[in-house]
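Residue numbers begin at 1 in each chain, while the letters A, B, ... track the order of the sequences. Excluded from the calculations below are hydrogen atoms, water molecules and symmetry mates; all remaining heavy atoms, backbone and side chain alike, are included.
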There are 2 protein chains.
Amino acid sequence: MNPVQFYKCLADETRLRCLMLIEHEQELCVCELTEAIDEIQPKVSRHLAQLRQCGLLVDRRQGQWVFYRVSPELPDWAKTVLAETLESNQAFLADNLKRLGRMGDRPARAMACC
Amino acid sequence: MNPVQFYKCLADETRLRCLMLIEHEQELCVCELTEAIDEIQPKVSRHLAQLRQCGLLVDRRQGQWVFYRVSPELPDWAKTVLAETLESNQAFLADNLKRLGRMGDRPARAMACC
DNA sequence: TTACAATATATGAAATATTATATATATGTC
DNA sequence: GACATATATATAATATTTCATATATTGTAA
């Protein structure tokens with residue numbers, strides 16, 4: 001993971017909010033992220049695709065939903081950066097988490113089998 | 001320090017190399033950075049000015065040189081991110097450190113008095 | 001199969017960032 | 001003061017990024 005490319009991924013408000021929300025919730029689908037950050041769906045989708053192509057996120061299709069989570073193959077230093085950023089910037093995400101909590105009809109997550 | 005603005009600062013190769021070199025060496029002047037990363041002086045100067053305006057670096061003039069170091073007022077989480085990035089990306093900087101070491105006539109740093 | 005909802009992608013316009021060149025300013029030395 | 005070195009800035013050209021709209025794909029349910 002090239003550090004410049006990694007930080008380019010974090011250097012956009014939409015992408016950083018999505019990443020932080022996913023980091024916080026482990027896994028979220030496009031419609032949940034769209035609701036949480038109050039942006040239009042194609043915009044969210046495009047940024048998620050970029051994060052996936054760069055290797056920061058992995059996706060998993062379940063029925064009509066596509067769920068994203070942080071890539072387990074991300075180098076440790078990058079995971080540390082994400083965790084540190086989340087932990088120290090709770091205020092940055094407060095509104096988004098509130099919107100997510102208020103959201104009705106959230107898709108059920110099938111437990112990943114071991 | 002807004003996290004998006006912070007990561008925008010890190011999301012450029014010239015700026016990230018300068019930041020990492022300064023993090024590694026504590027303090028460097030424009031001519032040392034210009035030599036280390038092998039870029040033209042106005043380009044380096046411009047990016048350093050941006051890092052200063054955003055609050056990541058502070059500068060100090062000593063004679064004809066201007067020295068930059070990481071701002072002591074940077075929030076802890078941001079300092080942690082810089083340190084973690086430096087520690088885990090030594091290869092990224094190897095050439096730049098070699099060039100810096102080979103550089104002749106480096107300006108002497110006056111000890112900061114306590 | 002059709003209708004519908006969720007998600008993904010393509011395109012082009014607008015905004016933004018980066019770059020090189022040229023020029024300006026500041027400092028130190030003679 | 002004249003000159004050399006170090007650094008900063010302005011400008012214009014170029015490249016990149018972002019966004020909204022439109023279109024395509026996938027899955028579900030009737």
Side-chain angles (χ1 to χ4, degrees), chain A residues 2 4-19 21-22 27-54 56-69 100 103-110, chain B residues 2 4-19 21-22 27-54 56-69 100 103-110:
Chain A
N2 173 300
V4 175
Q5 187 187 36
F6 175 72
Y7 287 124
K8 275 184 199 283
C9 287
L10 274 62
D12 172 85
E13 178 136 2
T14 302
R15 288 196 298 272
L16 188 60
R17 286 191 193 279
C18 286
L19 268 173
L21 285 164
I22 291 167
E27 193 175 57
L28 286 171
C29 75
V30 181
C31 63
E32 290 172 307
L33 288 164
T34 301
E35 175 69 20
I37 69 176
D38 195 19
E39 295 278 6
I40 60 175
Q41 180 272 328
K43 179 172 171 180
V44 174
S45 173
R46 169 181 264 269
H47 284 293
L48 290 173
Q50 189 179 338
L51 291 171
R52 173 167 38 78
Q53 279 154 19
C54 291
L56 274 71
L57 296 179
V58 291
D59 65 345
R60 168 177 79 87
R61 178 175 279 274
Q62 177 185 317
Q64 73 214 92
W65 298 288
V66 176
F67 291 95
Y68 285 89
R69 63 183 199 285
L100 184 62
M103 182 183 178
D105 288 329
R106 289 178 59 187
R109 253 153 285 267
Chain B
N2 173 300
V4 175
Q5 188 187 36
F6 175 71
Y7 287 124
K8 275 185 199 285
C9 287
L10 274 61
D12 173 85
E13 178 136 2
T14 302
R15 288 196 297 271
L16 188 60
R17 286 191 192 277
C18 286
L19 269 172
L21 283 165
I22 291 167
E27 194 175 56
L28 286 172
C29 75
V30 182
C31 63
E32 289 173 307
L33 288 164
T34 301
E35 175 69 20
I37 69 177
D38 196 20
E39 295 278 5
I40 59 177
Q41 178 272 327
K43 179 173 169 179
V44 174
S45 174
R46 170 179 263 273
H47 284 293
L48 290 172
Q50 188 179 339
L51 291 171
R52 172 167 38 78
Q53 280 154 19
C54 291
L56 274 71
L57 296 179
V58 291
D59 64 345
R60 166 178 80 86
R61 179 176 277 274
Q62 176 186 317
Q64 72 217 91
W65 297 287
V66 176
F67 291 95
Y68 284 88
R69 63 182 200 285
L100 184 63
M103 183 183 176
D105 287 330
R106 289 179 60 186
R109 254 152 286 264

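At a threshold of 4.5 Å between non-hydrogen side-chain atoms, the residues B:Glu39 and B:His47 do not count as touching. With contacts defined as side-chain heavy-atom distances shorter than 4.5 Å, the pair B:Val58/B:Arg69 qualifies.
Residues B:Leu28 and B:Ile22 come closest through the heavy atom pair CD1-N, 4.1 Å. Residues B:Thr34 and B:Ile40 approach most closely at CG2-C, 4.1 Å, considering heavy atoms. Considering all non-hydrogen atoms of both residues, A:Gln5 and A:Cys54 come closest at NE2-SG, 3.6 Å. Taking all atoms of both residues into account, the shortest heavy-atom contact from A:Arg15 to A:Cys9 is NE-O, 2.9 Å.
For the helix from C:dT1-D:dA30 to C:dC30-D:dG1, the terminal axes (five pairs an end, C1' atoms, rotation from four pairs onto the next four) enclose an angle of 20°, given to 10 degrees.
For the pair A:Arg17 (side chain) and A:Leu33 (backbone), a donor-acceptor distance under 3.5 Å is absent.
Partners of A:Phe6 according to the ring pair (Phe, Tyr, Trp, His ring centres under 6.0 Å) rule, which considers only residues two or more places apart in sequence or in another chain, are A:Trp77. Checked against side-chain contact (heavy atoms from CB on, under 4.5 Å), A:Val66 has the following partners two or more places apart in sequence or in another chain: A:Asp59, A:Arg61, A:Tyr68. With sequence neighbours excluded, the residues that form a side chain to side chain donor-acceptor pair (under 3.5 Å) with B:Arg106 are B:Glu32.
When DNA chain D is scanned in the 5' to 3' direction for atoms under 4.0 Å from non-hydrogen atoms of chain A, the outermost contacting nucleotides are D:dT18 to D:dT28.
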query: What one-letter contact string describes nucleotides 1-17 of chain C from 5' to 3', where B marks a base within less than 4.0 Å of any protein heavy atom, S marks contact via sugar-phosphate atoms alone, and - marks no contact?
result: -----SBBB-B------
